[in-house]
Novice: 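First the structure, then my questions, so here it is.
Computed from heavy atoms alone, side chains included, the values below leave out hydrogens, waters and symmetry copies. Predicted model, so just to flag it, every value in this text is computed and none were measured.
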Protein chains: 2
Amino acid sequence: MSISTDPTGWPQSGEMTPEIEAYTLLRQVHSILETYNRYDLRGEDLTVPQFMILNYASRSGVPLSEISARMMCDNSNLTGIVDRLIAKGYVERRPDPNDRRVSLICLTEAGAEKLRNLRPRHHEKLRKRMRSLSEHEVYQLRELLKSLYSSLVNSSDDEHRDKAAD
Amino acid sequence: MSISTDPTGWPQSGEMTPEIEAYTLLRQVHSILETYNRYDLRGEDLTVPQFMILNYASRSGVPLSEISARMMCDNSNLTGIVDRLIAKGYVERRPDPNDRRVSLICLTEAGAEKLRNLRPRHHEKLRKRMRSLSEHEVYQLRELLKSLYSSLVNSSDDEHRDKAAD
DNA sequence: TCAATCTTGTTTCAAATGAAACAGTTTCAA
DNA sequence: TTGAAACTGTTTCATTTGAAACAAGATTGA
């Protein structure tokens, strides 16, 4: 592990707007929590993305596209991860009788059991790690991020392009 | 690009605490902004991690370890990225005369020029993307994340271990 | 019907990432 | 001074990621 303690880790330039600071902190918090998650799963025969897929799969099966949409990644990323989960016996691919293009990702009993075991512990650890924020602050954070998320998604194919607009 | 618009992208279980929601949103916001950054740099001969290294390097040189600490990643990650930046002529490695273990990552004139050109535009884009939050909300978000960051860093080699404590 | 178009998942490639092992340096205490 | 321990950067390996091309299947409209 070993996470740097340096609280002054900003780019050296003087121009540090609140927006940049907030984004830098968001990156850092994300990075630390990701590291913790990876560490938690080390002894569990799972990587972080593998655990995420397990979380989005179900006994009855979920289309791979639906999982990749929820994970905000490309289908092509999941092929290999699912392969490894199959090798470990936690999921299986099953054809969708209604649409022969889709393959449903199904939890095996082993996968469902793994999840029943892991998920509550994982949630509890996350809860503890955020305990430095009061209940009210957690709500605040959630609402701010929710608002940011919506605006980013809605302006999606607009805002990020280099339009002359503004 | 194409970013899913599904606002109901939660794991299917009923137990959705505010902490989990906040963390999920943090992941999602991070993912979207990362995608935008990647898109912005597509035409600039740079990837996101390459641009980050450029931001942390300087004309006079910065030790690779210092850059990896700021980026919260392992030294071994940077070797390859720096190699590619050298191939593109944006940085060079120079031995530190005071410590023969360290190699200083130095911006070339081309790299410095690239940065002078890109950084202001990058900051402006980020600012616009967060414009849905009021000035006050940006401050709030920054303070919440700063608080979370500090507590995560301080409890670093403690909190994430599976101590019986609590 | 049938051809253009979209969708789904895979393959391939380049890049990034984390972990472990390693060699060369430096530090520090005995 | 010397030997153990720590530090710095690279190498190697397995995994993840994004992008583009692709094949097979579904959909749509003329």
Novice: How close do A:C73 and A:L78 get, counting heavy atoms only, and between which atoms?
Specialist: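 Nearest heavy atoms, A:C73 then A:L78: SG-CD2, 3.7 Å.
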Novice: Need one value for A:S103: base, sugar-phosphate or nothing, where a base atom within 4.0 Å counts as base even if backbone is also close, heavy atoms only.
Specialist: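 Since only primed, P, OP1 and OP2 atoms lie under 4.0 Å of A:S103, the category is sugar-phosphate.
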Novice: With a 4.5 Å cut-off on side-chain heavy-atom distances among I, L, V, M, F, W and Y, is there a chain of contacts connecting B:L145 to A:L144?
Specialist: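 In one cluster with B:L145: A:L144, yes.
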Novice: How close or far is atom C1' of D:dT15 from atom CZ of A:R84, stated in whole angstroms?
Specialist: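 In whole Å, D:dT15 C1' and A:R84 CZ are 5 Å from each other.
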Novice: With the side chain of B:P49 defined as its heavy atoms from C-beta on, choose the nearest nucleotide among C:dT8, C:dT17, D:dT8.
Specialist: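 Given the options C:dT8, C:dT17, D:dT8, the side chain of B:P49 is closest to C:dT17.
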Novice: Got more than 12 heavy atoms from elsewhere within 6.0 Å of CD, A:E135?
Specialist: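 No - once you tally the heavy atoms of other residues, nucleotides and ligands closer than 6.0 Å, there are 12 at most.
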Novice: If you measure from the Lys or Arg side-chain nitrogens to the Asp or Glu carboxylate oxygens, is any gap between B:E19 and A:R142 under 4.0 Å?
Specialist: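 No salt bridge links B:E19 with A:R142.
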Novice: Quickly work out the B:I81 CD1 to D:dT16 P distance and round it to whole Å.
Specialist: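 To the nearest whole Å, that distance equals 18 Å.
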Novice: Taking atom P of C:dA20 as reference, at what distance in whole Å does atom OH of A:Y39 sit?
Specialist: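 After rounding, the reported distance stands at 11 Å.
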Novice: By the 4.0 Å heavy-atom rule, please label B:T79 as base, sugar-phosphate, or nothing.
Specialist: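 Base, at least one base heavy atom under 4.0 Å.
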Novice: Which whole-number value in Å describes the distance from A:I67 CD1 to C:dT8 P?
Specialist: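 My rounded result for the distance is 13 Å.
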Novice: Heavy atom of residues 86-100 of chain A under 4.0 Å from DNA chain C: which residues?
Specialist: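 Within this stretch, A:R93 sit under 4.0 Å of the strand.
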Novice: Would you tell me if any nitrogen or oxygen in the side chain of A:S76 comes within less than 4.0 Å of OP1 or OP2 on D:dA20?
Specialist: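 False: A:S76 side-chain N/O out of range (4.0 Å or more) of D:dA20 OP1/OP2.
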Novice: Which heavy atom in B:L54 sits nearest to a heavy atom in B:L46, and how many Å separate them?
Specialist: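 Of all heavy-atom pairs spanning B:L54 and B:L46, the closest is CD2-CD1, 3.8 Å.
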Novice: Check A:V62, A:V91, A:D96 against A:L104 for a side-chain contact (heavy atoms from CB on, under 4.5 Å) and give me the one that passes.
Specialist: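 Answer to the side-chain contact (heavy atoms from CB on, under 4.5 Å) test with A:L104 among A:V62, A:V91, A:D96: A:D96.
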Novice: Could you state the atom-to-atom distance from CE of A:M52 to P of D:dT15 in whole Å?
Specialist: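 After rounding, the gap between these two atoms is 19 Å.
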Novice: Does D:dA14 have a Watson-Crick or wobble mate here (both distances under 3.5 Å), and if so which one?
Specialist: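 Result: C:dT17.
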Novice: For the side chain of A:C73, counting heavy atoms from C-beta on, which of C:dA16, D:dT15, D:dG18 is nearest?
Specialist: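 Output: D:dG18.
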Novice: Hydrophobic clustering (ILVMFWY, side-chain heavy atoms < 4.5 Å, transitive) - are A:M16 and B:Y139 grouped together?
Specialist: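 No, separate clusters.
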Novice: Base contacts versus sugar-phosphate-only contacts with protein, heavy atoms under 4.0 Å: please encode nucleotides 2-7 of chain D as B, S and - from 5' to 3'.
Specialist: -----B
Novice: Of A:L78 and B:L104, whose closest DNA chain D nucleotide lies nearer the 5' terminus?
Specialist: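 Closer to the 5' end of DNA chain D: B:L104.
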Novice: Report the relative orientation of the aromatic rings in B:H122 and B:F51; use parallel for angles under 30°, tilted for 30 to 60°, perpendicular for over 60°.
Specialist: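 Geometry flag for B:F51 against B:H122: perpendicular rings.
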Novice: Expressed in angstrom and rounded to an integer, what is the separation of B:N77 atom CG from D:dT17 atom C1'?
Specialist: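 Result: 13 Å.
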Novice: State whether A:E113 and A:R116 are salt-bridged, where the test is any N-O pair (Lys NZ or Arg NE/NH1/NH2 against Asp/Glu carboxylate O) under 4.0 Å.
Specialist: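 A:R116 and A:E113: salt-bridged.
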Novice: Rounded off to whole Å, could you give me the CG-to-C1' distance for the A:D74 and C:dT11 pair?
Specialist: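 Taking CG of A:D74 and C1' of C:dT11, I get 12 Å after rounding.
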Novice: To the nearest Å, give me how far apart CG (B:L41) and P (D:dG18) are.
Specialist: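 In whole Å, D:dG18 P and B:L41 CG are 15 Å from each other.
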